[in-house]
Amino acid sequence: MGKSKIDFIVDLLENENISSSQKEKLFALTAIEIKSFSETELKILKEIEIIKEKIGLSDKLPEKPKNPSKPNFLPEYKNPRSTASFLLEYNQNIFLKSTTHNIDSNLLAAINEQLKVKEYDFKLHQSAIQNAYVELKNKHFTIKGLVGKIDGYIWGKVPWSEEEIAMSWSSNELEEWCAANPKQCPNPEIDDLNHKPFNFQKIKLKNGLSIKNFNELVLYFKKQLTIRSDNSILDLCKKWNFQFKEVVSFNLESVPTNIEFFTDVEKLAQVYVKTIRMCINSSLGIKPEIKLNLQERKNISGETEIVFSIHHINSKFQRSKESLTRYGTDFTGIISNQLNGLCNWELVADFDKDVYGSIYLWPKSDNFSPSEKLEGVKFNLIFYR
Amino acid sequence: MIYLIDDKKERQKNLGWGKDKLLNYKDILMPIHTIEEIEKVKKIMFSIENIVLYHESFFDNPINLHKKSSSEIKQDLINLSDKYRIIVVFFSGSISSKNIINKRASLPVSTFYKNLAFFLDSYRILKQDIDLNQIAFGNDFKREKLLELKLKIWNLLFDKKNPDLFVNNEELNILLDEFQKITSLTLQIKDITNEFLKFQINKIYETNE
């Protein structure tokens, strides 16, 4: 089904003069319309769900009263500072830390001390991890996808990450290994604790790499939460850019490896890929030149912001700044599905009619800051520590 | 002077760095286990003639609590290293790969302690001209680095669905770039078989031995 038809249906359903029951009838008609274009029933249902979610009638979400000051389809703003605090505390809590680090003799002693036991007991450790995580989730809001991932990693009820990994801190295989190897933790610092980790059947990742034991699993999980020198934005961008190597010209010279922060790395990858696709779609057949940058800056409150910029140099923002009172499906989709709670979003651009400046796309703002003449369209993803 | 900031004495001992071994290097190495010990030397520690070896979670330890978070302190250290060109080596049980950038290295804890003696012995001779590869890969670092890269490339090629035709992916691409950078040689990677890629790498590896 063409994108324009989805847009048309979304526009129709957006009309506040249409009641919920009329919208349900429209859904039935939409399904018939989609059926003639879609390949499988699954795809049809998926597309209807997307539309329902966009207009706030998804089964997954209760219908919320409309706030007339807010644009349609945009979710309630979630502050990315809360995600940063959540992840920082995750990495500091002694039990949760043991799910992102190999356990050495000092950490093992600290775990045993907290659990008031002389020797390591996996069941008690597992339960302490679960309790600490529940407590942390109750303390800080964080993004749905991230919670889902960590839930899967700790409780194992659903596969976690885009790789759909089934192995978790609650896997039967792990529990069996721990029962057969009492007093041994599954992810030891090998040379320190002098025993091997829990080995399992190799998990093959989409990029060709593999995970074959619990130490590797724990460190793989850690990389999903952390940007740092061994998992830098520069190295990640080189990987993410690979699929675009023939169609985009990238400049990575201004991407340092010395800025570290916690985030949901998979969500960041999704935002990045979607943004690059938006740049390609807006480039009208001209090979996009995209310059990437990562820097720290202080905001007006003196708070440190980490700004990851995706700058489409040979482009113009093809709409007026006034048109940003209402977002199209690209922006609403990226905000709802990836950005909200992950980072803030700023647009710095050469708008039409020789207007240059910046505006916050998320949280949505009407405050446009004019600037001197500038080149292209820059999307700033703003993170916090 | 080299400052070794690690709160984990038991781990140090189990990795072969008990009190006696540390004392063998007392002329060049100052072990630091607590925040109080840092306070005593912090004014002289961050200087270009010194080297700082830093356990990333030092300030997560409740006995070393600081008003700044451990991640903020680490970022400060990175910035100091870049600004004043001070050699800083970070190590942690959560780091899975070796990484060297400018005057900074980032290493798994076991690698760090395994190569520490080579590093200290070399420092006695080379001082600030020491190569950070020494602590990441040991004495014969060029050979070791190439060997590790070769192993990673072999592992990626091993499970390929089509064993004959070489298909580059993003992970392989980065490893092959790294291999070519280290050896300053160019690999032919278009329209070749896996076997021919391995042949090229083996040939280069043998030349570098």
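Here the structure is a predicted model, which is why all the values come from computation and not from measurement. Each chain gets a letter, A, B and so on, in the order its sequence line appears, and its residues count up from 1.
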Chemist: Picking from Ser69(B), Ser92(B), Gly16(B), which has the most non-hydrogen pairs under 4.5 angstrom with chain A?
Modeler: Ser69(B)
Chemist: Find the distance between CD (Gln12(B)) and CG (Asn106(A)) and round it off to the nearest 0.5 Å.
Modeler: 9.0 Å
Chemist: Should Asp104(A) and Glu10(B) count as side-chain neighbours, where that means a heavy-atom distance under 4.5 Å?
Modeler: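 They are not in side-chain contact.
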Chemist: Where do Ser96(B) and Lys222(A) land on the side-chain hydrogen bond (donor to acceptor under 3.5 Å, both in side chains) test, with the steps shown first?
Modeler: CA-CA 9 Å; Ser96(B) 51; Lys222(A) 171 75 174 176; over 6 Å; no
Chemist: Just by distance, do the side chain of Asn258(A) and the backbone of Ile78(B) share a donor-acceptor pair under 3.5 Å?
Modeler: no
Chemist: In terms of heavy-atom contacts, does CD of Glu135(A) have more than 12 from other residues, nucleotides or ligands at under 6.0 Å?
Modeler: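 Atom CD in Glu135(A) is not crowded, with 12 or fewer foreign heavy atoms closer than 6.0 Å.
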Chemist: Just so I know, are the side chains of Thr257(A) and Arg104(B) near enough to count as touching, which here means a heavy-atom distance under 4.5 Å?
Modeler: yes
Chemist: Is a side-chain donor-acceptor pair under 3.5 Å present for Lys97(A) with Ser57(B)?
Modeler: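 Checked: Ser57(B)/Lys97(A) side chains pair up, N/O donor to acceptor below 3.5 Å.
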Chemist: CZ/Arg228(A) to NZ/Lys74(B) distance, rounded to the nearest 0.5 angstrom?
Modeler: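 Spacing of CZ (Arg228(A)) from NZ (Lys74(B)) equals 5.5 Å.
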Chemist: Examine whether an atom of Leu107(A) lies under 4.5 Å from a heavy atom of chain B, and if so say whether it belongs to the side chain, the backbone or both; otherwise answer neither.
Modeler: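 For Leu107(A), backbone and side chain are both near chain B.
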Chemist: Between Arg11(B) and Glu189(A), is there a side-chain N and carboxylate O pair less than 4.0 Å apart?
Modeler: no
Chemist: Would you mind checking which part of Glu296(A) comes under 4.5 Å of any heavy atom in chain B, side chain (CB onward), backbone (N, CA, C, O), both or neither?
Modeler: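 Interface part for Glu296(A): side chain.
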Chemist: State whether the number of non-hydrogen atoms from other residues, nucleotides or ligands found under 6.0 Å of Gln295(A) atom CD is greater than 12.
Modeler: yes
Chemist: Going from OG1 on Thr111(B) to CG on Asp191(A), what distance comes out if it is rounded to the nearest 0.5 angstrom?
Modeler: 9.0 Å
Chemist: Quick one: does Gln75(B)'s side chain have a donor or acceptor within less than 3.5 Å of a partner on Glu260(A)'s backbone?
Modeler: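 Confirmed, Gln75(B) side chain pairs with Glu260(A) backbone.
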Chemist: With a cut-off of 6.0 Å (strictly less than), are more than 12 heavy atoms of other residues, nucleotides or ligands near CG of Asp191(B)?
Modeler: no
Chemist: Which bit of Asn194(A) comes within less than 4.5 Å of chain B, counting heavy atoms only: side chain, backbone, both or neither?
Modeler: neither
Chemist: Can you tell me how far CG of Asn14(B) sits from CG of Leu193(A), rounded to the nearest 0.5 angstrom?
Modeler: 7.5 Å
Chemist: Check whether Ser81(B) gets within reach of chain A through its side chain, its backbone, both or neither, counting any heavy atom under 4.5 Å.
Modeler: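 For Ser81(B), neither part sits under 4.5 Å from chain A.
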Chemist: Less than 4.5 Å to any heavy atom of chain A: does that hold for the side chain of Asn61(B), its backbone, both, or neither?
Modeler: neither
Chemist: If you count heavy atoms of other groups shown closer than 6.0 angstrom to NZ of Lys21(B), is the number above 12?
Modeler: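 Count over threshold, so yes.
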Chemist: Who wins among Ile174(B), Ile101(B), Leu15(B), Ile95(B) for the most heavy-atom pairs under 4.5 Å with chain A?
Modeler: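 Maximum pair count with chain A is reached by Ile95(B).
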Chemist: Nearest 0.5 Å, what's the NZ-CG distance between Lys206(A) and Asn169(B)?
Modeler: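 Answer rounded to 0.5 Å: 13.5 Å.
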Chemist: Could you check whether atom NZ of Lys9(B) has more than 12 heavy atoms from other residues, nucleotides or ligands sitting under 6.0 Å from it?
Modeler: no
Chemist: Measuring from atom OG of Ser94(B) to atom CG of Asn231(A), what distance do you get when rounded to the nearest 0.5 angstrom?
Modeler: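 Answer for the OG-CG pair, Ser94(B) versus Asn231(A), is 11.0 Å.
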Chemist: With chain B, which of Ala110(A), Ala109(A), Ser229(A), Pro256(A) has the greatest number of heavy-atom pairs at distances under 4.5 Å?
Modeler: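 So the answer, after comparing Ala110(A), Ala109(A), Ser229(A), Pro256(A), is Ser229(A).
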Chemist: Above 12 or not: heavy atoms from other molecules or residues under 6.0 Å from CD of Gln201(A)?
Modeler: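 Check fails, neighbour count at 12 or below.
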Chemist: Return yes when atom CD of Glu49(B) has more than 12 non-hydrogen atoms of other residues, nucleotides or ligands closer than 6.0 Å, and no otherwise.
Modeler: yes
Chemist: Would you check if Glu171(B) and Lys239(A) make a side-chain contact, meaning some heavy-atom pair closer than 4.5 Å?
Modeler: yes
Chemist: Got a sec: does the NZ of Lys198(B) have more than 12 other heavy atoms crowding it under 6.0 Å?
Modeler: yes
